[in-house]
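In this text, all values refer to a predicted model and were calculated from it rather than measured experimentally.
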Amino acid sequence: MSRGVSAKRAGRRPALFVCGAAVSLAGALAAGIAAAQPAPEGATGYAPKPALVAKRFAIVAANPLAADAGYAMLERGGSAVDAAIAAQLVLNVVEPQSSGIGGGGFLLHYDARARRLAAYDGRETAPAAATPRLFLDAGGTPMPFGAAVGSGRSVGVPGLVAMLELAHRRHGVLPWHELFAPAIRLAEAGFAISPRLAALAARDPLLRASPTASAFFHAADGTPKPAGTWLANPELAATLRAIAQGGARAFYAGPIAADIARAVQTDPRGPGTLTEADLAAYRPVVREALCRDVRAWRVCGMPPPSAGGIATIQILALLGHTGAAALPADSPLAVHLFAQAARLAFADRDRWVADPAFAEVPVRGLTDARYLERRAQLIRPARPVIPAPAGEPPGAPRDARAAGDAQEAPATTHVSVIDARGDAVALTTSIESAFGNRAMVRGFFLNNQLTDFSFAPEVDGVPVANRVAPGKRPRSAMSPTIVFDRAGRVALVVGSPGGPWIINYVARTLVATLDRGQSVQAAIDAPNYGSRNGPLELEAGTAVADLAPSLERLGDTVRVIAMPSGLAGIQRVPGGWLAAADPRREGAARGE
């Protein structure tokens, strides 16, 4: 069967409203074909990928092999959850630096028949013995980030397997064990190391210091294995087979759990406290998705402990008061105004957002229209992008709290899916830093997600909401997002890896599609920019980097940096779906 709808087969040319812009289906296909051409000299540092138009179902994943696995499940009548799980398991094999069963994530699921949206929280938790001083040295000073990452103390209780099993129990169609078959085959037979994986492994000093990981990614003489090297992982195949046969229990109790706990407690770089009891006690949480009306759309994302849903909604709402949508997308003022909105959202994120089981998070106040209208008054064309103070939203807790200092790393992955029933999944998963804490157990990397907590539990005597506590989930920037149109239909499914930059990546894509009427592929291809309540950041090697002098004349402090987003989006078009993968990474779209 075809994995896409060719321009020749597209046939009719009905009017197409892509988030407000009228084009034709043939036009959308032509845009996809044009996107496959090399970028103009000096315009971007990467070659855009072709968009895919599918009639029945589509999936976008961070590696072609993962997209193939998800496509195979959809082709067999599987659900969006089935496809997402199969793709995620393959990503554990071929993109081990970004995610896997040793980590966690967030999953948004939309049931089209029931018209019900659910948010699945598979975020890691701190061990029962963790204390607020977890990342402080003997003198009470926060540890260097690298030292904290590369130790057992950074490992949280993994949540991914439990979350995926729960989502499958509620929304799966195919048998659980069948979803593991593609990943097990790849782990046993091997795969060619991709250029991205080879480059990351070659330049990672912490990876070389880990005996288990170094043996896996380096040759006998210590040289990194180059791209194209065939790499099998029989240990991971055996682990996946055990979970396929025994379910999540096989991971959270028994020999696998014992090996995880032992690796953490005996880590020679610094032991952690995670135990078998911590693993046995883990439970995923089903939360109410965070949805708000933003102009003609209903934008839905993850609630806390993720800050993604709040921040993206805030940025969109703040920009609605600036007239930014009427400006050319690549103009200095448009970039400046977006960064102004982003800095305000990050200021609120750092102060207010944490695990809602441990801190009162004023979600309703942070997304209140009147509050955001007042915050938008701080956005001025002549005001430079400088660090902003957090606001005081309605319903904010009376206890004083300080902004935290968490340092999220950009190693994450995302899968977007639409199945033949119209159900949708936006799945973002992570082991936090590239290769997690660099320790491998039974073929998979352990996470270092506890470094997403604020290292300093208080600032000037004021507690930080995102401080470490037993059983607590660290704050995250992961932003799986589903957007609905006025008729209540899924209009867009999107998400990205990228650590704290995820919020800017996803919000920029939403602005481009929802406000400017761009296709999701054009939006993803466009240069990245934004702010994390610090300098205004521009993507190196792209046309937006050339705006630096103009932005500096506005008073902005500008940094030109690599911003390798991995956006994966699926957008409704008449008669089907437009699926798009980010040209900056190895992702691919598949569909029929």
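Separation of atoms CD1 (Ile431) and CG (Leu160) is listed at 11.0 Å; rounding is to 0.5 Å. Taking CZ of Phe217 as the start and CD of Gln97 as the end, the distance is 7.0 Å to the nearest 0.5 Å. Distance CG/Asp82 to CG/Asp419: 8.5 Å, rounded to 0.5 Å. Between Ile193 atom CD1 and Lys225 atom NZ the span is 6.0 Å, to the nearest 0.5 Å. Between the CD atom of Glu165 and the CD1 atom of Ile85 there is a distance of 9.0 Å, given to the nearest 0.5 Å. For the atom pair CG of Leu117 and NE2 of His109, the computed distance is 9.0 Å after rounding to the nearest 0.5 Å.
In this structure a side-chain-to-backbone donor-acceptor pair under 3.5 Å is present from Asp204 to Leu207. Remark: the backbone N or O of Leu52 is not paired with any side-chain donor or acceptor of Trp577 at under 3.5 angstrom. Checked by atom type and distance alone, the side chain of Asp582 pairs as donor or acceptor with a backbone atom of Leu567 at under 3.5 Å. Using a distance-only test at 3.5 Å, with no hydrogens or angles considered, a donor-acceptor pair links the side chain of Arg438 to the main chain of Ala434. Between the side chain of Arg585 and the backbone N or O of Pro564 there is at least one donor-acceptor pair closer than 3.5 Å. With hydrogens and angles ignored, the 3.5 Å screen pairs a side-chain donor or acceptor of Arg295 with a backbone N or O of Leu316. A donor-acceptor pair under 3.5 Å is absent between the side-chain atoms of Asp515 and the main chain of Ala325, judged by distance alone. Counting only distance, with no hydrogens or angles, the side chain of Asp485 and the backbone of Ala491 share no donor-acceptor pair below 3.5 Å. Of the possible polar contacts, none joining the Glu432 side chain to the Asn447 backbone as a donor-acceptor pair under 3.5 Å is found. Counting only distance, with no hydrogens or angles, the side chain of Arg508 and the backbone of Ala523 share a donor-acceptor pair below 3.5 Å.
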Next on the checklist: Under the criterion salt bridge (charged side-chain N to carboxylate O under 4.0 Å, His left out), I'd like the reasoning laid out for Arg584 against Glu539: C-alpha separation, chi angles, the key distance, then a yes or no.
Outcome noted: CA-CA 11 Å; Arg584 300 164 181 84; Glu539 184 178 7; 2.8 Å; yes
Item to check | Worked verdict on Asp111 versus Arg421 for salt bridge (charged side-chain N to carboxylate O under 4.0 Å, His left out) | outcome: CA-CA 9 Å; Asp111 183 325; Arg421 302 163 188 80; over 6 Å; no
Item to check | Verdict with supporting geometry, Ser416 and His414, side chain to side chain donor-acceptor pair (under 3.5 Å) | outcome: CA-CA 7 Å; Ser416 290; His414 182 82; 2.9 Å; yes
Next on the checklist: Quick one, Tyr529 with Asn504, criterion side chain to side chain contact (heavy atoms under 4.5 Å, CB included). Give me CA distance, side-chain angles, the key distance, then yes/no.
Outcome noted: CA-CA 7 Å; Tyr529 51 80; Asn504 281 295; over 6 Å; no
Checklist entry - Arg486 and Asp293: salt bridge (charged side-chain N to carboxylate O under 4.0 Å, His left out), yes or no, with the steps? => result CA-CA 10 Å; Arg486 286 176 172 169; Asp293 292 332; over 6 Å; no
Next on the checklist: Could you go through Gln449 and Arg123, starting from their C-alpha distance and side-chain angles, then the distance that decides it, and tell me whether this counts as side chain to side chain donor-acceptor pair (under 3.5 Å)?
Outcome noted: CA-CA 9 Å; Gln449 292 287 11; Arg123 186 67 161 151; 2.9 Å; yes
Next on the checklist: One pair to check against side chain to side chain donor-acceptor pair (under 3.5 Å): Gln88 and Asn92. What are the steps and the verdict?
Outcome noted: CA-CA 6 Å; Gln88 173 59 59; Asn92 197 158; 5.8 Å; no
Next on the checklist: Assess the residue pair Gln518 and Thr513 against the criterion (side chain to side chain donor-acceptor pair (under 3.5 Å)); give the C-alpha distance rounded to whole Å, side-chain angles, the decisive distance to 0.1 Å, and a yes or no.
Outcome noted: CA-CA 5 Å; Gln518 294 184 4; Thr513 52; over 6 Å; no
Checklist entry - Do Leu107 and Leu164 pass the side chain to side chain contact (heavy atoms under 4.5 Å, CB included) test, and can you show the C-alpha distance, the side-chain angles, and the key distance before you say yes or no? => result CA-CA 8 Å; Leu107 185 153; Leu164 294 180; 4.3 Å; yes
Item to check | Residue pair Phe346, Ile503: steps toward the side chain to side chain contact (heavy atoms under 4.5 Å, CB included) verdict | outcome: CA-CA 9 Å; Phe346 269 82; Ile503 291 169; 3.9 Å; yes
Item to check | Worked verdict on Thr412 versus Ser98 for side chain to side chain contact (heavy atoms under 4.5 Å, CB included) | outcome: CA-CA 5 Å; Thr412 303; Ser98 293; 5.9 Å; no
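Shortest non-hydrogen contact noted between Pro527 and Val544 is CB-CG1, 3.5 Å. Pairing each heavy atom of Arg349 with each of Ala477, the nearest pair is NH2-CB, 3.9 Å. For Ser496 against Ser565, the heavy-atom pair with the smallest separation is OG-CB, 3.9 Å. Pairing each heavy atom of Ala67 with each of Ile59, the nearest pair is O-CG2, 3.7 Å. The nearest pair of heavy atoms linking Arg475 to Val353 is CD-O, 3.2 Å. Closest approach of Ala232 to Glu188, counting heavy atoms only: CB-O, 3.8 Å.
Contact annotation: the side chain of Ser531 never approaches that of His336 to less than 4.5 Å [non-hydrogen atoms, C-beta and beyond]. Put simply, the side chain of Arg516 reaches to within 4.5 Å of the side chain of Val511, judged on heavy atoms. Between Phe216 and Asn233 there is a side-chain heavy-atom pair separated by less than 4.5 Å. Counting heavy atoms from C-beta on, the side chains of Asp121 and Pro305 come closer than 4.5 Å. You'll find the side chain of Ile315 reaches within 4.5 Å of the side chain of Phe338, heavy atoms only. For the pair Val417/Leu74, a side-chain contact is recorded, criterion being any heavy-atom separation below 4.5 Å from C-beta on. Side-chain contact between Leu91 and Val415 is present, with heavy atoms from C-beta onward closer than 4.5 Å. You'll find the side chain of Val425 stays beyond 4.5 Å of the side chain of Leu108, heavy atoms only.
Between the side chains of Ser99 and Thr413, no donor-acceptor pair is found at a separation under 3.5 Å.
In this structure, Phe484 and Tyr110 have perpendicular ring planes: the angle between them is above 60°, well past the 30° mark.
A cation-pi arrangement is present between Arg532 and Trp501, with the terminal nitrogen or guanidinium carbon under 6.0 Å from the aromatic centre and inside a 45° cone about the axis.
Electrostatic pairing of Glu95 and Arg196 does not count as a salt bridge here, judged by no charged N lying under 4.0 Å from a carboxylate O.
Taking the six-membered ring for Trp and the full ring otherwise, His171 and Tyr120 have centroids separated by under 6.0 Å.
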